[in-house]
Amino acid sequence: MARRKQVYEGKAKILFEGPESGTLIQYFKDDATAFNNKKHAVITGKGVLNNRISEYLMMKLHDVGIPTHFVRRLNMREQLIREVEIIPIEVVVRNIAAGSLGKRLGIEDGTLLPRSIVEYYLKSDELGDPMVSEEHITAFGWASYQEIDEIMSMSLRVNDFLSGLFLGVGLKLVDFKLEFGRLWEDEDMRLVLADEISPDNCRLWDVKTNERLDKDRFRQDLGKVEEGYQEIARRLGILPEAGPRDMRGPETMQ
Ligand code: UDP
């Protein structure tokens with residue numbers, strides 16, 4: 001790791017220059033932050049689990065035709081990705097009320113929403129990621145009308161696929177955050193799913209008990225954060241202890 005050039009350091013990941021142009025190496029740290037950086041901790045093993053979980057989910061999404069920036073996992077904490085131009089919008093998809101939605105609109109946590117809801121937030125730590133509308137996004141040129149349509153339909157496809165995948169292992173996909181990037185190939189540009197999909201940016205509750213197994217364990221001081229992430233990996237059949245090539249299928253729950 002020593003001589004590689006660091007391109008960017010975020011709260012939970014570092015990006016390094018990749019082995020060839022147009023690629024980057026995404027390194028998963030154990031750091032966790034919440035409430036716009038006001039809360040910070042190191043959760044031992046989180047980076048390894050998120051690297052593995054995100055690899056698994058990105059590969060599954062690729063298999064159903066959703067383009068992603070993921071190329072391959074390199075080791076316990078790193079994956080090779082395609083370099084993209086990140087669209088500065090966080091896309092949140094919600095199925096069940098939780099977190100900021102409940103607070104903002106006074107809806108009780110756990111309420112099933114009448115339909116899946118897509119929200120957009122501007123990626124800006126200084127401003128605390130304010131919610132924005134399609135009007136803001138297109139007027140300020142963060143994405144075009146065509147891009148935002150594609151982002152919305154891809155996000156709903158991701159939601160349908162992941163909701164089913166998680167339900168199959170006894171987990172409710174309550175909500176999650178996605179990021180998209182522009183991938184340039186000569187003169188052509190296409191939108192691909194970027195960043196990571198992990199318990200850091202998904203809310204996942206046990207179907208029977210509603211136990212929180214995601215980053216809310218950290219946000220709400222519920223304890224056993226790593227154990228929650230481990231349980232998600234175990235149910236998906238991808239605990240790192242099983243060995244990188246030893247990928248069992250998901251464990252179907254009744
Ligand atoms: N989320 C995220 N990054 C953010 C904000 C939210 O990954 O900067 C995820 C979060 O983990 C949850 C979903 O987006 O799965 C919706 O989060 P919400 O708006 O309820 O905000 P929070 O309660 O996390 O402040």
Side-chain angles (χ1 to χ4, degrees), residues 8-13 26 28-41 43 46-47 49-51 53-54 57-58 61 68-69 86-113 115-133 137 142 151-152 154-156 158-163 165-167 171-181 193-206 210-222 225-226 228-229 232:
Y8 172 81
E9 176 156 14
K11 286 168 271 185
K13 295 188 293 292
Q26 181 162 251
F28 288 75
K29 302 194 279 186
D30 282 344
D31 297 65
T33 59
F35 311 118
N36 204 20
N37 269 330
K38 285 187 202 73
K39 182 169 175 162
H40 175 261
I43 300 162
K46 177 178 81 84
L49 285 160
N50 281 355
N51 186 23
I53 293 170
S54 195
L57 297 175
M58 290 283 188
L61 288 166
T68 82
H69 73 162
I86 289 284
I87 291 179
I89 299 296
E90 301 198 340
V91 182
V92 169
V93 184
R94 301 179 183 275
N95 300 306
I96 294 172
S100 69
L101 179 93
K103 283 194 205 86
R104 211 174 40 244
L105 303 180
I107 300 171
E108 199 186 331
D109 268 23
T111 308
L112 187 64
L113 299 175
R115 60 179 169 82
S116 302
I117 294 174
V118 181
E119 298 172 344
Y120 304 108
Y121 295 85
L122 179 65
K123 264 171 79 73
S124 165
D125 283 342
E126 306 85 78
L127 300 174
D129 295 352
M131 193 188 221
V132 291
S133 70
I137 296 172
W142 297 318
I151 285 172
M152 161 84 99
M154 262 164 81
S155 300
L156 290 172
V158 170
N159 183 44
D160 284 347
F161 178 77
L162 291 186
S163 293
L165 184 147
F166 281 120
L167 204 56
L171 294 169
K172 288 186 214 174
L173 180 58
V174 172
D175 57 31
F176 59 96
K177 185 261 294 183
L178 297 176
E179 292 186 27
F180 291 87
L193 198 54
D195 193 46
E196 70 179 296
I197 309 179
S198 74
D200 267 8
N201 43 41
C202 299
R203 283 195 170 94
L204 291 162
W205 297 357
D206 180 82
N210 277 343
E211 186 188 6
R212 276 83 169 142
L213 296 169
D214 53 73
K215 196 170 152 187
D216 273 352
R217 299 203 69 81
F218 166 67
R219 292 189 192 99
Q220 300 173 11
D221 293 319
L222 301 176
V225 184
E226 198 207 341
Y229 286 41
I232 292 166

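What you are looking at is a predicted structure, and each value in this text was computed from that prediction instead of being measured. The chain is numbered in sequence order, starting from 1. Both counts, for ligands and for their atoms, begin at 1 and track the order of listing.
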- Salt bridge flag under 4.0 Å for residues Asp195 and Lys177: yes
- Query: Which is it for Asn159 and Ser163 under the side-chain hydrogen bond (donor to acceptor under 3.5 Å, both in side chains) test, yes or no, and what are the steps along the way?
  - Reply: CA-CA 6 Å; Asn159 183 44; Ser163 293; 3.3 Å; yes
- Val158 versus Leu193, closest heavy-atom pair with distance: CG2-CD2, 4.2 Å
- With Lys46 as partner, the option from Asp200, Asp31, Asp30, Asp214 fulfilling salt bridge (charged side-chain N to carboxylate O under 4.0 Å, His left out) is Asp200
- Going by heavy atoms, is Arg94 under 4.0 Å from ligand 1? yes
- Message: One thing to verify: whether Glu226 and Arg217 come together as a salt bridge, which I'm taking to mean a side-chain N less than 4.0 angstrom from a carboxylate O.
- Response: no
- Of the backbone atoms (N, CA, C, O) and the side-chain heavy atoms from C-beta on, which set of Ala34 has a member under 4.0 Å from an atom of ligand 1: side chain, backbone, both, or neither? neither
- Message: Side chains of Lys13 and Asn50 only: does a donor on one sit below 3.5 Å from an acceptor on the other?
- Response: no
- Item | Shortest non-hydrogen contact between Arg219 and Ala34, atoms and distance | CG-CB, 3.8 Å
- Query: Taking only heavy atoms of Val92, which atoms of ligand 1 are found under 4.0 Å from at least one of them?
  - Reply: 14 (O), 16 (C)
- Query: Under 4.0 Å from any heavy atom of Ser100, which atoms of ligand 1 are there?
  - Reply: 18 (P), 19 (O), 20 (O), 21 (O), 23 (O)
- Query: What are the two closest non-hydrogen atoms of Ile197 and Ser54, and how far apart are they?
  - Reply: N-OG, 2.9 Å
- Query: So is Asp216 in contact with ligand 1, going by heavy-atom distances below 4.0 Å?
  - Reply: no
- Task: Please confirm whether Glu90 comes under 4.0 Å of ligand 1, counting heavy atoms of the residue only.
- Result: yes
- Are Ser100 and Arg94 close enough, and set up right, to give a side-chain hydrogen bond (donor to acceptor under 3.5 Å, both in side chains), and what steps lead you there? CA-CA 11 Å; Ser100 69; Arg94 301 179 183 275; 3.0 Å; yes
- Query: Counting only heavy atoms on the protein side, is anything nearer than 4.0 Å to atom 25 (O) of ligand 1?
  - Reply: no
- Query: Asp129 heavy atoms, cut-off 4.0 Å: which ligand 1 atoms fall inside?
  - Reply: 8 (O)
- Side chain, backbone, both or neither: which part of Glu119 comes within less than 4.0 Å of ligand 1 when only heavy atoms are counted? neither
- Message: Quick check on contacts: which atoms of ligand 1 are under 4.0 angstrom from a heavy atom of Phe176?
- Response: 15 (O)
- Query: Ion pair present between Arg203 and Asp216, side-chain N to carboxylate O less than 4.0 angstrom?
  - Reply: yes
- Within a distance under 4.0 Å of any heavy atom of Ala98, pick out the atoms of ligand 1 and give their elements. 20 (O)
- Query: Which residue and non-hydrogen atom of the protein lie closest to atom 3 (N) of ligand 1, and at what distance in Å?
  - Reply: Lys177 CE, 3.5 Å
- What protein heavy atom sits nearest atom 13 (C) of ligand 1, and how far off is it? Asp175 OD1, 3.5 Å
- Should Lys103 be listed as contacting ligand 1, given a heavy-atom distance under 4.0 Å as the test? no
- Query: Is atom 6 (C) of ligand 1 in close reach of the protein, with a heavy atom under 4.0 Å away?
  - Reply: no
- A student checking ligand 1 against Gly99 at a 4.0 Å heavy-atom cut-off should list atoms 20 (O), 23 (O)
- Message: Give me the nearest non-hydrogen protein atom to atom 11 (O) of ligand 1 as residue plus atom name, then the distance to 0.1 Å.
- Response: Arg219 NH2, 2.8 Å
- Who's the nearest protein heavy-atom neighbour of atom 23 (O) of ligand 1, and how far? Arg203 NH2, 2.8 Å
- Applying side chain to side chain contact (heavy atoms under 4.5 Å, CB included), run through Met152 and Val91 and close with a yes or a no. CA-CA 8 Å; Met152 161 84 99; Val91 182; over 6 Å; no
- Note on the structure: One finds that the ligand 1 atoms under 4.0 Å from a non-hydrogen atom of Asn201 are 7 (O), 9 (C), 11 (O), 15 (O)
- Any chance you could lay out the side chain to side chain contact (heavy atoms under 4.5 Å, CB included) test for Asn37 and Lys11, step after step, and finish with the verdict? CA-CA 8 Å; Asn37 269 330; Lys11 286 168 271 185; 3.3 Å; yes
